[in-house]
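Data block below; observations after.
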Amino acid sequence: MVIFLKNYKRSDRTLLTIQSVKHLFPNLEINCLFLFDNKPSEYNDVLPQFTKLGVNIYFDKKTYNFGNPSAVGSKYNGFYFTEGVNKMHKLCLDYDIRGKVLMIDEDHFFTTGETIKYLLENEFDLAVGKWTSPGPNRPPFEPNASIICVKPHNMIDIFPIPAREEFVEILWGWELIEKSKKLGRNIIQIPTRVEANFFGDGVHTNDIEVIKQELTKHNIPYE
């Protein structure tokens, strides 16, 4: 299994997430997709920190920008999250990255490793956590969009997920989960990602100071 992160102007927390993975699973390959507005050099000041950690770096131009980099709790996250996983999935195909690929958002960190351990030990085409949106037309299952694990070559007929103005949990529930079910894909639920309960393996937060506190509490070093 390899790790793939998306980073759009949130390099500080992306680095913390990467360091949490490197501490718990030092042999896992880590990739990072940097989304830029105009040119890759927007990240020149932080790239040495990523290369120091042995991260494979990719660049792509950002497609959607509505003035909020995270769009937390917004219908715009149907664009932001979807753009990230679609671009990461395409890179996996372009570079023939096979096996499982864990796609995570900038601040989706780990403190015990139980989540990654579960993904390493189980077989699937698609693994998802559970979340709930506030929107209408909700599907039978709504996934946590900040973490999914896929076998890219087994999901070619499902990706790219159509991006649109909709709560991402609803969008992916229909376009990713339900379509995968109909095509007979093996889908499993990540037991350590149920709503905001991460069962001690990290916490749900967008606050970088909380991330630092949790890493310190679990004796995970970071710079």
Side-chain angles (χ1 to χ4, degrees), residues 1-36 40 43-44 46-60 81-129 143-156 158-161 176 185-188 190 192-193 198 201-202 211 215 218-223:
M1 187 171 80
V2 303
I3 310 294
F4 221 129
L5 293 98
K6 178 212 74 181
N7 176 27
Y8 176 58
K9 306 297 179 70
R10 303 173 86 197
S11 300
D12 49 2
R13 60 204 65 218
T14 304
L15 282 164
L16 291 175
T17 295
I18 288 170
Q19 288 174 89
S20 77
V21 175
K22 293 291 286 186
H23 176 77
L24 295 164
F25 298 91
N27 295 322
L28 282 183
E29 174 186 317
I30 300 181
N31 305 280
C32 187
L33 168 62
F34 291 78
L35 295 177
F36 58 85
Y43 291 98
N44 279 357
V46 298
L47 287 182
Q49 296 167 272
F50 286 85
T51 55
K52 179 182 177 182
L53 293 169
V55 177
N56 299 319
I57 294 170
Y58 302 88
F59 295 100
D60 203 343
F81 283 98
T82 304
E83 175 184 4
V85 297
N86 283 343
K87 289 181 183 296
M88 287 187 280
H89 182 264
K90 184 177 185 301
L91 284 167
C92 289
L93 299 182
D94 290 347
Y95 289 88
D96 200 28
I97 298 175
R98 295 186 174 268
K100 305 168 187 172
V101 178
L102 177 59
M103 301 178 180
I104 51 179
D105 215 37
E106 294 100 335
D107 47 18
H108 201 110
F109 69 104
F110 308 91
T111 51
T112 67
E114 287 302 311
T115 304
I116 292 176
K117 182 180 178 184
Y118 177 82
L119 296 170
L120 287 169
E121 293 178 348
N122 289 274
E123 287 304 315
F124 52 84
D125 298 308
L126 170 65
V128 291
N144 181 335
S146 68
I147 176 171
I148 64 169
C149 195
V150 302
K151 287 185 176 177
H153 288 268
N154 292 8
M155 304 290 282
I156 292 174
I158 295 167
F159 281 84
I161 301 169
L176 177 62
R185 300 298 187 270
N186 179 18
I187 308 169
I188 65 171
I190 304 170
T192 52
R193 292 295 185 267
F198 286 10
D201 189 17
I211 298 175
L215 294 179
H218 289 84
N219 298 312
I220 297 176
Y222 63 86
E223 297 180 7

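Numbers here are sequence positions counted from 1. None of these values were measured; they are calculated from a predicted model. Computed over heavy atoms, backbone and side chain alike; hydrogens, waters and symmetry mates excluded.
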Checklist outcome for this item: Interatomic distance, CG@D12 vs CD@Q49, rounded to 0.5 Å, equals 9.5 Å

Checklist entry - Stepwise, does the side chain to side chain contact (heavy atoms under 4.5 Å, CB included) test hold for F25 with I3? => result CA-CA 11 Å; F25 298 91; I3 310 294; over 6 Å; no

Next on the checklist: Does any part of the side chain of L35, heavy atoms only, come nearer than 4.5 Å to the side chain of K87, both counted from C-beta?
Outcome noted: yes

Checklist entry - Do the side chains of L24 and K117 get nearer than 4.5 Å, heavy atoms only? => result no

Next on the checklist: Once rounded to the nearest 0.5 Å, what's the spacing between atom CD1 of I148 and atom CD1 of I187?
Outcome noted: 11.5 Å

Item to check | side chain to side chain contact (heavy atoms under 4.5 Å, CB included) between V85 and F4, worked out | outcome: CA-CA 9 Å; V85 297; F4 221 129; over 6 Å; no

Next on the checklist: Please evaluate residues V101 and M88 with respect to the criterion side chain to side chain contact (heavy atoms under 4.5 Å, CB included), reporting the C-alpha separation (whole Å), side-chain torsions for both, the decisive distance (0.1 Å), and the verdict.
Outcome noted: CA-CA 9 Å; V101 178; M88 287 187 280; over 6 Å; no

Item to check | Considering all heavy atoms, the nearest I97-P152 contact | outcome: O-CG, 4.1 Å

Item to check | Contact summary for G84 and L33, nearest pair of heavy atoms | outcome: O-CD2, 4.3 Å

Next on the checklist: Nearest 0.5 Å, please: how far is OH in Y118 from CZ in R193?
Outcome noted: 13.0 Å

Checklist entry - So, D96 versus H153: side-chain donor-acceptor pair below 3.5 Å or not? => result yes

Next on the checklist: Quick one, Y58 with D94, criterion side chain to side chain contact (heavy atoms under 4.5 Å, CB included). Give me CA distance, side-chain angles, the key distance, then yes/no.
Outcome noted: CA-CA 12 Å; Y58 302 88; D94 290 347; over 6 Å; no

Item to check | Shortest non-hydrogen contact from V150 toward M155 | outcome: CB-CG, 4.3 Å

Next on the checklist: Donor-acceptor pair, distance only, cut-off 3.5 Å: does the side chain of K90 make one with the backbone of P160?
Outcome noted: no

Checklist entry - Can you find a pair of side-chain heavy atoms, one from H108 and one from N144, that are under 4.5 Å apart? => result yes

Checklist entry - Looking at side-chain heavy atoms only, is the closest gap between R185 and L126 below 4.5 Å? => result no

Next on the checklist: Can you tell me how the ring of F34 sits relative to the ring of F59, calling it parallel under 30°, perpendicular over 60° and tilted otherwise?
Outcome noted: tilted

Next on the checklist: Under a plain distance cut-off of 3.5 Å, with no hydrogens placed, do N86 and T82 share a side-chain donor-acceptor pair?
Outcome noted: no

Next on the checklist: How about CD on E121, more than 12 heavy atoms from neighbouring residues, nucleotides or ligands closer than 6.0 Å, or not?
Outcome noted: yes

Item to check | Donor-acceptor side-chain pairing of T115 and D201 below 3.5 angstrom | outcome: yes

Item to check | Heavy-atom side-chain proximity of E223 to K52 below 4.5 angstrom | outcome: yes

Checklist outcome for this item: Closest heavy-atom pair, K6 versus T14, reported as atoms and distance to 0.1 Å, is O-OG1, 4.4 Å

Next on the checklist: So which atom in M1 and which in L28 form the shortest heavy-atom distance, rounded to 0.1 Å?
Outcome noted: O-CD2, 3.2 Å

Checklist outcome for this item: CG (N31) and CG (L5) are apart, to the nearest 0.5 Å, by 8.5 Å

Item to check | Heavy-atom check, side chain of Y222 versus side chain of L16, under 4.5 Å | outcome: yes

Checklist entry - Does the side chain of I211 reach to within under 4.5 Å of the side chain of R13, using non-hydrogen atoms? => result yes

Checklist entry - Just wondering, are more than 12 heavy atoms of other shown residues or ligands nearer than 6.0 Å to OH in Y95? => result no

Next on the checklist: What's the separation between atom CG in L53 and atom CG in N56, rounded to the nearest 0.5 Å?
Outcome noted: 12.0 Å

Checklist entry - So does E106 pair up with K9, basic N to acidic O under 4.0 Å? => result no

Checklist entry - Shortest non-hydrogen contact from I220 to S20? => result CG2-CA, 4.0 Å

Next on the checklist: For the CZ atom of F159 and the CG atom of L93, what is their distance to the nearest 0.5 Å?
Outcome noted: 9.5 Å

Checklist entry - Side chains of R98 and K151: does their closest heavy-atom pair fall under 4.5 Å? => result no

